[in-house]
Protein chains: 2
Amino acid sequence: MCYNVSMQRVPVGERLPTLEDVARVAGVSRATVSRVINGIRNVDPQLHEVVWDAVGRTGYVPNRMARSLVTRRTGTVALVVSDSESHDDDPFMSRFFADPYFGRVVGGLMSVLRQAGVQLALQIVGSDDGRRRLVGDLRNGQADGVIVLSLPAVDALPRMLTEGGVPAVMIGRPAEPVPINYVDLANETGATIAAEHLLGRGCRRIGMISGPADVPASHDRISGFRRSTAKHGHGWVPIVAGNFTQESGEAAMRSLLAESPDLDGVFVANDLMAVGALLALRDAGRRVPEDVAIVGFDDSSAAVSAAPPLTTVRHPLEDMAAEAARLLLARIEDPEMRASSVIYEPTLVLRKSA
Amino acid sequence: MCYNVSMQRVPVGERLPTLEDVARVAGVSRATVSRVINGIRNVDPQLHEVVWDAVGRTGYVPNRMARSLVTRRTGTVALVVSDSESHDDDPFMSRFFADPYFGRVVGGLMSVLRQAGVQLALQIVGSDDGRRRLVGDLRNGQADGVIVLSLPAVDALPRMLTEGGVPAVMIGRPAEPVPINYVDLANETGATIAAEHLLGRGCRRIGMISGPADVPASHDRISGFRRSTAKHGHGWVPIVAGNFTQESGEAAMRSLLAESPDLDGVFVANDLMAVGALLALRDAGRRVPEDVAIVGFDDSSAAVSAAPPLTTVRHPLEDMAAEAARLLLARIEDPEMRASSVIYEPTLVLRKSA
DNA sequence: GCACATTTGGAGAGCGCTCTCCGATCGATC
DNA sequence: GATCGATCGGAGAGCGCTCTCCAAATGTGC
């Protein structure tokens, strides 16, 4: 094997070149090099060149840590996954990461952060002690701001963050009103769209597979569905709760079927559960959409690959995450910015299942 | 709304308490507080208590930045996604993040890092300039080490990292031999298992949908498949390449079908493409597995929810990522550690598609 | 009681950077 | 040519922490 020395540095022992070294090579002071590198004030163009040349020759790279220490800026944003009780090897967390939800959020976030030259640091907090430590670190400038994915129904983190003065944006509204920035989807509207589509195509006996009733998004989808079915004269509709996993959707579909065998339409609160429901329906010998129509929620990749492909409520998660990142960046830039929220409108994506 | 002051600090203006402040409150020197907090040397138990008390009263949280500056340790590991030519709003990246692959890796990584109190920072590099900057930052102690997900077939990053002396572990072997730690799957074996299963269940005309031939994992799966079919007397087998997305799998299946209409078994190099293949097969009126048997690769969530559920080669990605994290942590602890690699053996998961 | 080894706490020098002064330099103006 | 204002570069003080000295305090053996 052949190793060509691709990096021809001017190594000073194991020490990396510092501003001081560059200054010496360029024959100027540390301050001048700093000014050139940060593009501050007009430095004599000639010196400017000399300095950059010295930077190139020494292979200098600014030390972020040292810089952050004085500027109080890290160029890092934390993505916090706040969970109520997740312990070290909790399988829940790994399930969460494998869920397309997480990846879509990261993708949306990165599309904006990358351009801004900001890096994303992943943090999980599972206990109140962890939350406290996190807020402490954050106030200390561990990151310039945070994007919060709050899983528990009621979570002290959003409040702790605002009280600590940490720039933060939530994806999904907080369960209790807290003056915090957030980006959310009009979940009620989404559920309404789904219900009306089901009713519109002639379903007479409809039900719903919901998520856990205490998380805000889930709650809103339930109430939106209830309200709109009631409006159309369906006094009572069967609702069974799952926990957003495929297996739970399958189980929920079974109990729904047992409860109301004459079911002809189901709104499922996310695509993953809808895929599970499809499986249960096939087992029960019902055709989709002929016997039972299914409307999912999210428009995740699972919706396209399902058999039949799912008609679903589109949740523009990437766009929302990108907006959250923009909001956070703006807030970091302007500490006076007032808490604001952006609500996205869902749309129905028609495929085969309803 | 009611805001109860949940954090009763002793605020010194906007300044957060520093070691100095704690020292003053405790009536000792800065050094002593530092020693107590870091548990170094035996400090008089009585002072010990006084110091912790002062820490509590002031609400002191150590400033990581300042600490890192002197210790050269950050408590951060970077997850680098090295891409050849990804630009700012490249849709490819968002597709990559939404792929279960990414989430599984993150989940596996976090399961180990979390316990170690290490945070994960996400980095994307798309250009050689970006790579250079990254290595520079890394050498400067921006992170203690890196986990590399190298997408391009031939990538200078692994070598740059080893030459720069940055602790690094790759997930998936490097395309060219570089003395770097890595964790990989025995891809050839996986392909062999798939081929033999197909042959074993009586398939006579088998083909393959592969990934891009220049990425190592993909290459190995192709050669494993070729070798084992040849061994069983199939001199030539049709292989069409996709790019690991569902759509590409669908397209590949169509051309495979056009090329060899009498096909009765296909090995698909990942589950996502296999789901696409299933769609194409259904369109073509072929039953799976009766007319055409399908074996996927990965055992991702897509395999379970596919119709029919995929028989697939299990890729224990979470375990591999966790192992990579452990390896990295060990390497960070012991800089003398020699580059080593861990190869996982794939297994076949039997479901309905073959 | 004294010489000695052994703890234990404090002073202070940095880690690598930014940024505020301030003095030096320069060109323009009368 | 002297004076003023503007501009530009350097010195040096920190940012908050760790860690190496050292001095003081304590304990040990004869």
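Here is the naming used below: chain letters follow the sequence lines, and residue numbers restart at 1 for every chain. Please read these numbers as outputs of a predicted model, since none were measured by experiment.
- The phosphate of dT18(C) (OP1 or OP2) has no side-chain N or O of Thr71(A) nearer than 4.0 angstrom.
- Side-chain atoms of Leu328(A) and Ile147(A), non-hydrogen and from C-beta on, do get closer than 4.5 Å to each other.
- A salt bridge between Arg132(B) and Glu163(B) is absent, with no side-chain N of the basic residue lying under 4.0 Å from a carboxylate O of the acidic one.
- Remark: Asp129(B) engages Arg133(B) in a salt bridge, criterion side-chain N to carboxylate O under 4.0 Å.
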Can you check nucleotides 13-17 of chain C for protein contacts, nitrogen or oxygen pairs under 3.5 Å, and list what you find?
residue	atom	partner	partner atom	Å
dA13(C)	N6	Arg30(B)	NH2	3.1
dC15(C)	O3'	Arg72(B)	NH2	3.0
dG16(C)	OP1	Arg72(B)	NH2	3.1
dG16(C)	N2	Ala66(A)	O	3.4
dC17(C)	OP1	Tyr60(A)	OH	2.4
dC17(C)	OP1	Asn63(A)	N	3.0
dC17(C)	OP2	Leu19(A)	N	2.5

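- Contact of the Glu323(B) side chain with the Val169(B) side chain is not registered, since no non-hydrogen atoms from C-beta on lie closer than 4.5 Å.
- At its two ends the helix from dG1(C)-dC30(D) to dC30(C)-dG1(D) runs along axes set 50° apart, each axis drawn from five pairs and the angle rounded to 10°.
- What separates NE2 of His48(A) from C1' of dG9(D) is a distance of 14 Å, to the nearest Å.
- With rounding to whole Å, Arg35(B) atom CZ is found 11 Å from dC19(D) atom P.
- A search for ring-ring contact (aromatic ring centres under 6.0 Å, His included) contacts involving Phe102(A) returns Phe96(A), Phe97(A), not counting sequence neighbours.
- Here the CZ-CG distance, from Arg67(B) to Asn38(B), works out to 5.0 Å after rounding to the nearest 0.5 Å.
- With no hydrogens or angles considered, no side-chain donor-acceptor pair links Thr58(A) and Asp21(A) at under 3.5 Å.
- For Thr32(A), a side-chain nitrogen or oxygen approaches OP1 or OP2 of dG10(D) to under 4.0 Å.
- Looking only at side-chain heavy atoms (C-beta outward), Val50(A) and Val28(A) stay at 4.5 Å or farther from each other.
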